2 protein chains.
Amino acid sequence: MDQFFRSRDGGASPLDSARAVRPAARKARPAIRAENERALLEAAEQVFAEEGFGGATTAAIARRAGVPKANLHYYFVTKDALYRAVVERVLTAWLAAAASFDGSDDPREALAAYIGAKMDLARAMPLASRIWSAEIMRGAPMIQDFLDTTLTDWVAARETSVRRWIAAGKLKPIDAKVLFYMIWATTQQYANAAHEMATLNGGRPLDDAAFERAKRQVIATIVDGVTA
Amino acid sequence: MDQFFRSRDGGASPLDSARAVRPAARKARPAIRAENERALLEAAEQVFAEEGFGGATTAAIARRAGVPKANLHYYFVTKDALYRAVVERVLTAWLAAAASFDGSDDPREALAAYIGAKMDLARAMPLASRIWSAEIMRGAPMIQDFLDTTLTDWVAARETSVRRWIAAGKLKPIDAKVLFYMIWATTQQYANAAHEMATLNGGRPLDDAAFERAKRQVIATIVDGVTA
DNA sequence: GTCTATAATCGGATAGAC
DNA sequence: GTCTATCCGATTATAGAC
């Protein structure tokens, strides 16, 4: 995972990202460390999602996690390292959802499974999903290596599948990238714009039934829109 | 326009947002004021788009505009007021694009015109569009009044049109809000994720021809996906 | 491993000379 | 109307006692 990240100053090689978290001292109580790291990561996810990287402060994160600020800097040496740890979590989840595209040779099934998985990811991890979008909006200073390597390869491979489906008459003659941009944008929207959706829903967040209806409509629209 | 805004502390009524910009002194040279405000707004748009509200600094904005930092605070009393002025511009553009939905009684034409206008907006004003998305992602602290009033009314009226088209057998039985969320997300993507798209395009931004092809595919996918 | 105290810097905003 | 100098609270990060 570390190979995807570079430090925010842009000058680092993939290798030096090493461990963002200090190694545990011998004979430490692992439970305390695990709990403090968990609380800090959870608080960091909230604050980074609400305020963005620049607007987030380590003091606010430490306060929300219920640990002294100096403790935050003990577990995560810099604000940057803490942010990286948060982004790693959602990258893992993103890759897991991506795998769901490959469960079927039929484009309708593959697309339905992938769109559904991405919708579920936005619903289950809205804060992490928002951080992911914000990272991309800022020009991906932390995940450029991921875009250059894993994502580029992933898209290229799926473009081959799409071309095969087009040749087989199963899909319209579309550009696969444009399709993926639409899928990414639409599914992320259910994390990014949850507040706007709540406002337009009479002030209440979407309940599970409304979300499931939305998921079905999103899948149906895209699948019907690209199949021949 | 001012009635859409509230100050970021959340406690303000629409009335007190008054003039974010100082009134010109009598006998001032309007050209200097106009040029300084223009340079500051342009620089602010760049910095807010790159760093977010919290990450942007007035020093960086003043430096990019080529004016002393104290001058920024002369023209725009607070960072908040400068941000509000930037958001006002994109709100105006958003409303102009929204009007293009109402040019036809046929859903295919209305949707094509609106999606095309939103795509063109993202292409023509990518920085302002990104700020708009970031504002919504943060929970719309500055444009909540717009969401509560103008946007709520706009969506409600278009939902009526969509229901009419469904009843006439021209559209599938869809939820209009889910359709609009998809349109908003997909079109914004061409501003928000321009860097990611460039990476997947061999490092080069989309040229005009590629953008026009994407626009046609987005329109076709959505229109074909929702028409009966 | 924890946390109080503090260093060093940066941030928004202003005073007041020109 | 402009801009240098500066205030002062906030911010990241660390030192060092416990």
Side-chain angles (χ1 to χ4, degrees), chain A residues 7-9 19-41 43-44 46-48 50-86 141-142, chain B residues 7-9 12 19-41 43-44 47-48 50-86 141-142:
Chain A
S7 74
R8 293 190 70 252
D9 60 25
R19 288 286 292 163
V21 177
R22 289 183 198 263
R26 290 180 309 153
K27 307 224 175 194
R29 280 177 298 178
I32 292 177
R33 166 173 294 274
E35 166 56 20
N36 279 340
E37 287 184 358
R38 192 206 55 74
L40 283 166
L41 284 170
Q46 293 174 15
V47 176
F48 282 131
E50 285 170 13
E51 309 294 339
F53 179 84
T57 68
T58 54
I61 294 168
R63 195 180 331 115
R64 200 170 304 201
V67 306
K69 191 170 53 145
N71 237 342
L72 179 152
H73 287 286
Y74 174 75
Y75 285 107
F76 300 91
V77 181
T78 61
K79 177 183 174 180
D80 202 68
L82 177 54
Y83 178 72
R84 171 181 293 117
V86 171
M142 183 73 78
Chain B
S7 73
R8 292 188 71 252
D9 61 25
R19 289 286 294 164
V21 177
R22 288 184 198 264
R26 290 180 309 153
K27 306 222 177 196
R29 279 179 298 179
I32 293 176
R33 165 172 296 273
E35 167 55 20
N36 280 340
E37 287 184 359
R38 191 206 57 74
L40 282 166
L41 284 170
V47 176
F48 282 131
E50 285 170 14
E51 309 294 339
F53 179 84
T57 68
T58 55
I61 294 168
R63 195 181 330 115
R64 199 170 305 200
V67 306
K69 189 168 60 144
N71 234 342
L72 179 153
H73 287 285
Y74 174 74
Y75 284 106
F76 300 91
V77 180
T78 62
K79 178 183 174 180
D80 202 69
L82 177 55
Y83 179 73
R84 171 181 291 117
V86 170
M142 183 72 78

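Here the structure is a predicted model, which is why all the values come from computation and not from measurement. To find a chain, count down the sequence lines: A is the first, B the second, and so on, and within it residues start at 1.
- Listed in residue order, the members of residues 54-67 of chain B having a heavy atom less than 4.0 Å from DNA chain D come to none.
- A cation-pi arrangement is absent between A:K79 and A:F48, since the terminal nitrogen or guanidinium carbon is not both under 6.0 Å from the aromatic centre and inside a 45° cone about the axis.
- Between B:L41 and B:A85 the shortest heavy-atom distance is CD2-CB, 3.7 Å.
- In this structure, CZ of B:F48 is placed 12 Å from C1' of C:dG12, rounded to the nearest angstrom.
- When all heavy atoms are compared, the tightest approach of A:L40 to A:A62 is CD2-CA, 4.5 Å.
- D:dC3 atom C1' lies 12 Å from atom OH of B:Y75, rounded to whole Å.
- B:F53 has its side chain within reach of B:D80: a pair of non-hydrogen atoms, C-beta onward, lies under 4.5 Å apart.
- Across all non-hydrogen atoms, the minimal contact from B:N36 to B:Y75 is ND2-OH, 2.9 Å.
- Listed nucleotides C:dG1, C:dG12, D:dT2 differ in distance to B:H73; the shortest reach to its side chain belongs to C:dG12.
- Regarding contacts with the backbone of C:dT2, a side-chain N or O of A:N36 is found under 4.0 angstrom from either OP1 or OP2.
- When every heavy atom of A:H73 is checked against every heavy atom of A:T58, the shortest pair comes out as NE2-OG1, 3.7 Å.
- To the nearest angstrom, P of C:dG11 lies 11 Å from NZ of A:K79.
- Closest heavy-atom contact between B:V77 and B:A81: N-CB, 4.5 Å.
- Separating the CD atom of B:E35 from the P atom of D:dG1 is a distance of 15 Å, rounded to the nearest angstrom.
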For nucleotides 4-9 of chain D, print each protein N/O atom paired with a nucleotide N/O atom at under 3.5 Å, atom names and distance only.
none

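- Of the side-chain N and O atoms in A:Y74, none sit less than 4.0 angstrom from OP1 or OP2 of D:dA13.
- Considering every non-hydrogen atom in both B:I61 and B:A43, the closest pair reads O-CB, 3.5 Å.
- For B:L40 and C:dG12, the CG to P distance is 14 Å, given to the nearest whole Å.
- When the P atom of D:dT12 is taken as reference, atom CZ of A:F76 falls 15 Å away, rounded to whole Å.
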Distance-only check: which donor-acceptor pairs under 3.5 Å involve side-chain atoms of residues 63-72 of chain A, not counting sequence neighbours?
residue	atom	partner	partner atom	Å
A:R64	NH1	A:Q46	OE1	3.0
A:R64	NH1	A:E50	OE2	3.3
A:R64	NH2	A:E50	OE1	3.3

List, with names and distances, any nitrogen or oxygen atoms from the protein found under 3.5 Å away from nitrogen or oxygen atoms belonging to nucleotides 16-18 of chain C.
none

